[in-house]
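All heavy atoms count here, side chains included; hydrogens, waters and symmetry mates do not. Numbers here simply count residues along the sequence, with the first being 1.
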Amino acid sequence: MSLLDHIQGAAALPEIFLAVAAMALLMFGVFRDKSADIVNIAAIIVLGITVALVLGGAGGRQEAFGGVLVIDTFARFMKVLTLFGSAVAIVLSVNFMKAEKIERFEYPILILLATTGMMIMISANGLIALYMGLELQSLALYVVAAIDRDKAKSSEAGLKYFVLGALSSGMLLYGASLIYGFTGHVGFAEIAQSIKAGEPGLGLTFGLVFLIAGLAFKVSAVPFHMWTPDVYEGAPTPVAAFFAAAPKIAAMALFVRAMLAPFPSILPDWQQILVFISIASMLLGAFAAIGQTNIKRLLAYSSIGHMGYALIGLAAGSPEGVKSVVIYMTIYLIMTLGTFACVLAMRRKDGQVENISDLAGLARTNGLHAFFLAVFMFSLAGIPPLAGFFAKYFIFMAAIKANMITLAVIGVLASVVGAVYYIRIIKLMYFDEPVERFEPMVTEVKAVAVLSGLFVIFFVLFPQPLSALAEAAAASLF
């Protein structure tokens, strides 16, 4: 028997490999080659190998380190999505970092370390693993947000994220300690048994509220969303793309597991909290984005709204609801990466531009760029037959089947309001007078935009594979 099997760590091989590879690349960067090119390529290869390890492991449900981590179909699917999002974020950042002269070999290594934290979050089977994963992810993200340290806005973004992140971590820890105090356990399965055996007290409900507050911060749901617009605007654009993609997938996966694994018997207690957070996020995301002039701030509010929609599926508390969350987050990831690829292509000779007004007349100066950005805007608005429509359809159907019709109706109305600011961008690109032309799109940015756009357009023809995978992922949690 190997040491790895002895400590039950074989199931956690992808996380172990990713952490060791990140540290090896750090040593390589420090002692051998300070240029970022080799480290960028190596980081993408490492993420690819990690995907192979995740998919190549034994099937079924496995546990690592005495049940601290759990590996099931849900965990595998969400890990692959997270690794994919991280890899694309590195691809999108290569040319941008060179152009802005902020290229550093530490950047891809920080993304690898953050991704390791995300994978631990997705597999967390107890309060301690949950916190360890969150903190490993967050500490790397604080640094990544402020990677352009010569710019005041980037430093401000990193500092704001750090201060508010520390506050949310404190709330989450307080909630976890209350839950431990009132149940006597930190493992999700043991907490579930303890709650089932006895009457849950008011202290447990308080603990649950603080736990949800900490998790809501990580998915940037209202009222814990305040960091999102400032961090998206201040951080370099590829960093904002990364923030909008991989960490959101991991945080939502953790949210789903942290509610359904330990607290299924007190569903009504946390369901009403999630319904409030979901409605507040959808409405704020819809109305606050209307007045924005900066495209990254607009996408930040859009992201808050989308997390509100995803939380509808979790609030349903059913296998159908979890399936809808998995489908929603998959489609959201691809739409977001494509949208940020189009935002990265907003570059003129004197540098990156971020104002929505800079998109005026884009259809006449760069038809391909305008077409794919329009596709993503329509999809984010939920216009059929694009992928974004199906994402919302599955969510609303899950809510209706769980007899939460009012929530579904509010979601549809928020979608209608949200469509205003997406369609305004399309109107600008196709009907306004052109402004100064953008530089040609860089090859890898164009590739991400085109491939994401094709997925969004043609998803209507092949929805079955994703639906089947999401169903299998949801079934493994119940």
Side-chain angles (χ1 to χ4, degrees), residues 36-37 40 88-104 106-108 110-111 141 143-158 160-161 228-245 289 292-303 335-363 365-374 376-377 421 425 428-429 432 434-450 452-453:
D37 286 340
N40 277 323
V88 174
I90 294 174
V91 168
L92 287 175
S93 61
V94 173
N95 267 290
F96 178 92
M97 295 300 193
K98 282 181 182 167
E100 297 290 318
K101 296 184 173 54
I102 52 170
E103 190 182 27
R104 295 190 179 90
E106 295 93 343
Y107 173 72
L110 285 164
I111 286 187
L141 292 185
V143 183
V144 168
I147 197 88
D148 188 3
R149 59 189 179 207
D150 295 331
K151 275 196 184 154
K153 262 192 173 180
S154 182
S155 301
E156 184 189 336
K160 274 183 180 169
Y161 190 31
T228 317
D230 292 336
V231 172
Y232 277 39
E233 184 186 8
T237 307
V239 173
F242 176 59
F243 274 52
Q292 299 303 320
T293 56
N294 181 292
I295 187 98
K296 292 200 301 191
R297 284 187 81 84
L298 182 141
L299 289 173
Y301 283 110
S302 162
S303 153
M335 290 191 300
T336 300
L337 290 171
T339 306
F340 270 99
C342 291
V343 172
L344 271 166
M346 291 170 63
R347 172 172 285 281
R348 298 206 175 104
K349 286 186 179 68
D350 51 352
Q352 191 79 17
V353 291
E354 294 173 2
N355 285 329
I356 294 169
S357 57
D358 290 310
L359 290 165
L362 181 62
T365 57
N366 190 333
L368 185 76
H369 189 174
F371 171 75
F372 280 110
L373 186 52
F376 296 126
M377 291 298 109
Y421 56 81
I425 292 176
L428 258 175
M429 293 192 297
D432 283 24
V435 290
E436 192 188 337
R437 179 188 289 270
F438 294 138
E439 294 282 287
M441 286 173 100
V442 182
T443 309
E444 58 265 33
V445 171
K446 186 188 281 188
V448 171
V450 170
S452 304

Test item: [X] side-chain N/O and [Y] main-chain N/O as donor-acceptor pair under 3.5 Å:
X: Arg437; Y: Thr365; value: yes
X: Asn294; Y: Lys296; value: yes
X: Arg104; Y: Ile147; value: yes
X: Ser154; Y: Ala145; value: yes
X: Glu100; Y: Gly351; value: no
X: Lys151; Y: Pro236; value: no

Is [Y] close to [X] at the side-chain level, that is, under 4.5 Å between some pair of heavy atoms?
X: Asn95; Y: Val445; result: no
X: Leu344; Y: Pro238; result: yes
X: Val239; Y: Asp148; result: no

[X] and [Y]: which non-hydrogen atoms are nearest, and at how many Å?
X: Tyr107; Y: Ala89; result: OH-O, 4.3 Å
X: Ser302; Y: Tyr421; result: CA-OH, 3.8 Å
X: Met441; Y: Ala345; result: CG-CB, 3.5 Å
X: Phe96; Y: Thr237; result: CZ-N, 3.9 Å
X: Phe438; Y: Val353; result: CE2-CG2, 3.6 Å
X: Met377; Y: Ile425; result: SD-CD1, 3.7 Å

side-chain contact (heavy atoms from CB on, under 4.5 Å) for Met97 and Asn40? Distances and angles first, verdict last.
CA-CA 11 Å; Met97 295 300 193; Asn40 277 323; over 6 Å; no
Mark yes when over 12 heavy atoms from residues, nucleotides or ligands other than Arg149 sit less than 6.0 Å from its CZ; otherwise mark no.
no
Distance in Å, [X] [atom1] paired with [Y] [atom2], rounded so as to fall on 0.5 Å steps:
X: Leu362; Y: Leu368; atom1: CG; atom2: CG; result: 10.0 Å
X: Leu110; Y: Leu141; atom1: CG; atom2: CG; result: 9.0 Å
X: Glu444; Y: Ile90; atom1: CD; atom2: CD1; result: 12.5 Å
X: Phe340; Y: Ser93; atom1: CZ; atom2: OG; result: 13.5 Å
X: Thr228; Y: Arg297; atom1: OG1; atom2: CZ; result: 10.0 Å

side-chain contact (heavy atoms from CB on, under 4.5 Å) assessment of Leu299 paired with Gln292
CA-CA 9 Å; Leu299 289 173; Gln292 299 303 320; over 6 Å; no
Does the distance from a Lys or Arg side-chain N to an Asp or Glu carboxylate O, for Asp150 and Lys101, drop under 4.0 Å?
no
Stepwise side-chain contact (heavy atoms from CB on, under 4.5 Å) check, Leu359 with Ile295:
CA-CA 10 Å; Leu359 290 165; Ile295 187 98; 4.1 Å; yes
Quick one, Glu439 with Arg347, criterion salt bridge (charged side-chain N to carboxylate O under 4.0 Å, His left out). Give me CA distance, side-chain angles, the key distance, then yes/no.
CA-CA 6 Å; Glu439 294 282 287; Arg347 172 172 285 281; over 6 Å; no
Parallel, tilted or perpendicular for Phe243 and Tyr161, by the 30°/60° rule?
tilted
Derivation of the side-chain contact (heavy atoms from CB on, under 4.5 Å) call for Ile356 and Thr293:
CA-CA 6 Å; Ile356 294 169; Thr293 56; 5.6 Å; no
